[in-house]
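Order of the sequence lines sets the chain letters (A, B, ...), proteins ahead of strands, with each chain counted from 1. From a predicted model like this one, the values you see are computed outputs, not experimental measurements. Just so it is clear, the values below take in all heavy atoms, side chains as well, and ignore hydrogens, waters and symmetry mates.
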Amino acid sequence: MINITLPDGSVRQVESGSSAMDVAKSISEGLARNVLSAKVNGEVWDANRPMTTDATLQLFTWNDKDGKTTFWHSSAHLMAEALEALYPGIKLGIGPAIDTGFYYDVDAGDRVISTNDLPAIEKKMQELARQKNDYVRKDISKADAVAYFEEKGDQYKLELLEGLEDGEITFYTQGGFTDLCRGPHIPNTGTIKAVKLMNVAGAYWRGDEKNQQMTRIYGVSFPKQKELTEYLHLLEEAKKRDHRKLGAELDLFMFSDRVGAGLPIWLPKGNALRERLMNFLREEQEKRGYKMVTTPHIGKKELYVTSGHYEKYGEDSFQPIKTPRVDEEFLLKPMNCPHHCEIFAHRPHSYRDLPLRIAEFGTVYRYEQSGELHGLSRVRGFTQDDAHIFCTPDQLKEEFLNVLDLTETVLKKMGFEEFTAQISLRDPDNPSKYIGSTENWEAAESAIINATQEVGLSTTTELGEAAFYGPKLDFMIKDALGRSWQLGTIQVDYNLPERFELEYIGADNKAHRPVMIHRAPFGSMERFISILIENTAGKFPLWLTPEQYAILPISDKFNGYCEEVQQALATHDIRGFIDDRNETIGRKIRDTELKKIPIMLIVGEKEAEGNAVSVRIQGEGDKGAMSIEEFVAYFKELL
RNA sequence: GCCAGCAUAGCUCAGUUGGCCAGAGCAGCUGAUUUGUAAUCAGCGGGUCGGGGGUUCGAAUCCCUCUGCUGGCUCCA
């Protein structure tokens with residue numbers, strides 16, 4: 001007998017060789033039906049894998065993240081089985097579960113798999129699921145595994161096998177399909193009741209663009225049809241929050257083929273929003289001792305040769321601008337930091353002047369790959385809320401913490417509760433991607449790690465995500481469809497001060513090198529606003545929204561009074577417009593609701609006579625009549 | 001940049017296997033209506049079917065190419 005400890009601390013004695021499923025059955029049949037996988041001594045296992053030692057056991061169902069992962073991974077195998085049936089000789093890469101389902105990378109040779117083929121594959125999957133085949137785990141020797149895939153002619157699996165140790169290799173089989181896999185899997189294909197294949201995409205084998213491009217098929221699956229229907233509905237709802245759609249509907253910004261791809265054009269309302277965001281940050285920065293500067297949109301090529309940007313990005317970026325002089329070239333600025341370094345270098349600095357905090361809403365231009373352009377989130381011309389702090393090494397920690405505080409203030413003000421703070425470090429396997437000495441990098445990396453630990457910020461760490469001149473602390477926020485974007489960033493840089501030979505005179509009357517912090521709490525105005533639109537579904541906070549109210553006269557007889565109201569409100573810095581179209585009040589209300597104007601002021605005979613307005617709140621409804629003074633007070637409450 | 005798709009009026013979309021002057025709703029314009037909390041009524045205008053090239057007696061429809069867009073991959077200072 002062995003002792004199985006459950007999460008609640010209770011211990012059950014079962015026979016050695018019992019599985020998690022056996023334990024589930026001993027608890028209840030209902031539970032057993034829903035068990036997908038289990039965590040045994042901290043490792044996720046097949047529910048039916050025999051346990052032979054004392055163990056802690058946690059059962060996973062669809063309600064657990066690990067349960068879903070197992071379910072989707074098994075669904076990927078089911079899809080592979082269907083693909084083998086429909087496309088004999090197809091070669092398989094990898095097929096993992098992801099946050100929202102699963103995918104499998106396949107190489108179908110000359111055959112093209114497109115979205116048109118997905119329904120047939122789904123149908124085959126459903127047919128195979130109905131066979132209710134068990135997923136069967138089997139240990140296999142490396143030699144036998146290699147022999148199997150040589151026979152099958154699947155070079156991708158053979159390549160994967162090269163990286164595996166003999167003795168740790170397992171195969172999983174369901175029905176007529178066998179795959180190299182460490183598992184775990186759900187007990188039976190019959191559990192997969194609903195399948196939807198979402199799309200196909202090209203994906204390079206092992207994520208390297210030098211390798212063969214495979215076809216990646218994305219799908220999602222559920223234990224119940226109803227859950228699939230609900231999921232698809234949720235996706236539809238999320239699409240309504242897409243900033244590209246709302247940006248057009250709310251007249252915030254546009255793109256023009258003639259101006260060029262990835263070059264956003266801000267329309268009056270979007271620009272008003274953008275200006276308000278910038279003013280908010282200007283005020284915060286002023287409180288914190290930043291000085292604003294303005295630098296040109298171009299700079300001599302040598303500036304970027306000095307900074308290292310040219311060597312790193314020159315080939316793949318906007319090409320130099322020529323002048324009538326043959327030996328003269330300028331670059332559109334891809335970053336503001338070289339200009340700001342020149343500001344620092346402009347005159348000598350005493351340690352007493354530091355930290356020097358130089359801020360600029362700097363518009364930069366980067367030639368992003370055409371396939372990468374995405375609404376406002378990934379563009380070729382954008383404005384960073386940039387600043388560079390030049391400080392002594394002793395001041396670094398405090399300055400970093402100040403910036404961290406500013407960034408958190410900004411995120412909080414915008415109501416972004418769910419963000420990830422990601423420490424982006426060097427890729428240790430690829431040192432040639434970075435400039436500067438190992439000592440500089442280590443100092444910068446530990447500065448970030450220590451500071452975040454000190455304030456107890458919970459972080460994730462990603463290797464290889466650093467900038468070429470230094471490590472970063474990046475704030476990642478998700479868009480409506482769950483894709484993660486980097487917004488704010490704080491970067492510690494010992495390298496550019498070296499390249500620009502920046503110095504200050506210390507208390508010892510000797511020259512010292514400053515440390516530089518690059519930081520942008522919004523990241524870029526464009527991307528930040530894209531996320532703001534998606535998070536608010538276009539219903540911006542009252543202080544930020546371009547138009548706070550609309551006055552809706554019941555008939556044009558009251559237009560004069562409406563103008564009086566508008567003027568009265570303007571004196572209280574309350575902004576809005578009068579909808580004086582010759583339309584019914586019902587129509588005006590409907591249009592205003594759809595434009596997501598927060599407040600409607602309805603004005604007819606009663607209001608005009610009583611010096612009042614009838615207040616209606618977007619999405620809520622009628623709040624009744626109030627005097628102008630009462631409304632102003634009410635408005636201040638809402639702010 | 002790569003893979004797979006998409007591109008018809010300002011917007012959302014119809015347009016049968018290539019075949020008569022390319023349609024609808026909304027928006028717009030004109031007129032009527034002077035309106036009380038999510039669409040007043042009537043009339044009118046608007047499209048080189050993304051650009052270019054080709055196949056064909058004939059192309060929105062088939063082929064090539066360019067541009068833009070969508071979903072991924074790679075990239076992201």
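If you check every strand for non-hydrogen atoms under 4.0 Å, A:V364 touches nothing. Backbone-only contact: A:K557 has heavy atoms under 4.0 Å from sugar-phosphate atoms and none from a base. Nucleic acid contact class of A:G586 (heavy atoms, under 4.0 Å, all strands): sugar-phosphate only. The residue A:E607 sits close to a base: some heavy atom pair falls under 4.0 Å. Using a 4.0 Å heavy-atom cutoff across all strands shown, A:S614 reaches at least one base atom of the nucleic acid. Residue contacts for A:K588: at a heavy-atom cut-off of 4.0 Å it reaches no nucleic acid atom on any strand shown. A:K433 comes within 4.0 angstrom of no nucleic acid atom, judged by non-hydrogen atoms across all strands. Base contact: A:E605 has a heavy atom under 4.0 Å from a base atom. A:Y103 comes within contact range of no nucleotide atom at all, as no heavy-atom separation falls under 4.0 Å. Using a 4.0 Å heavy-atom distance criterion, A:G207 is classed as a sugar-phosphate-only contact. Note on A:I589: a base of the nucleic acid sits closer than 4.0 angstrom, heavy atoms only. Contact annotation for A:E583: base contact, defined as any heavy-atom pair under 4.0 Å involving a base atom.
The cationic atom of A:R527 (NZ for Lys, CZ for Arg) does not lie both less than 6.0 Å from the six-membered ring centre of A:F522 and within 45° of the ring axis.
Contact of A:E368 with B:C76 (side chain to base): no donor-acceptor pair of N or O atoms is detected under 3.5 Å. For A:Y204 and B:G1, a side-chain-to-base donor-acceptor distance below 3.5 Å is present, hydrogens and geometry of angles not being considered. With hydrogens and angles ignored, a donor-acceptor pair under 3.5 angstrom links the side chain of A:R616 to the base of B:A38. No hydrogens or angles were tested; on distance alone, a donor-acceptor pair under 3.5 Å links the side chain of A:R378 to the base of B:C76.
Rounded to whole Å, the distance from CG on A:D591 to P on B:U40 is 9 Å. Atoms CZ (A:R216) and P (B:C2) sit 18 Å apart, rounded to a whole Å.
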Dot-bracket encoding per residue of RNA chain B, Watson-Crick/G-U cut-off under 3.5 Å, | denoting interstrand:
(((((((..((((.....[...)))).(((((.......))))).....(((((..]....))))))))))))....

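No donor-acceptor distance shorter than 3.5 angstrom exists from the side chain of A:K301 to the backbone of A:Y310, with no hydrogens or angles considered. Side chain of A:K124 to main chain of A:L83: no donor-acceptor pair is present (N/O by atom type, distance under 3.5 Å, no hydrogens or angles).
Comparing B:A60 with B:G47, their C1' atoms are spaced 11 Å from each other, to the whole Å. Comparing the same atom, C1', in B:C66 and in B:A24 gives a spacing of 32 Å after rounding to whole Å. Spacing of C1' atoms, B:G46 relative to B:C26, comes out at 14 Å, to the nearest Å. Taking atom P on both B:A4 and B:C63, the two are 14 Å apart, rounded to the nearest angstrom.
Residues A:G619 and A:A467 each lie close to RNA chain B; by heavy-atom proximity, the contact nearer the 5' end of the strand is made by A:G619. Residue A:Q618 is the one, among A:Q618 and A:D316, whose nearest nucleotide of RNA chain B lies closer to the 5' end (criterion: closest heavy atom).
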Heavy atoms under 4.0 Å is the rule here; annotate nucleotides 65-71 of chain B 5' to 3' with B where the base is hit, S where only the sugar-phosphate is, and - elsewhere.
---SSSB

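Contact record, A:F400 with A:I517: N-CD1, 3.8 Å, taken as the closest heavy-atom pair. A:A97 and A:W72 make their closest contact through CB-CB, 3.9 Å (heavy atoms, listed as atom of the first residue, atom of the second, distance).
Aromatic rings from A:F475 and A:F528 are positioned such that their centres are separated by 6.0 Å or more. Aromatic rings from A:F344 and A:H388 are positioned such that their centres are separated by 6.0 Å or more.
Paired with A:H518 under the rule side-chain contact (heavy atoms from CB on, under 4.5 Å), one option of A:T489, A:L496, A:V492 passes, and it is A:L496.
Considering only side-chain N and O atoms, A:R587 lies nowhere under 4.0 angstrom from the phosphate OP1 or OP2 of B:U35. The side chain of A:T584 places an N or O atom within less than 4.0 Å of a non-bridging phosphate oxygen (OP1 or OP2) of B:U40.
Shown here is A:K623, whose NZ atom has more than 12 heavy atoms of other residues, nucleotides or ligands within 6.0 Å.
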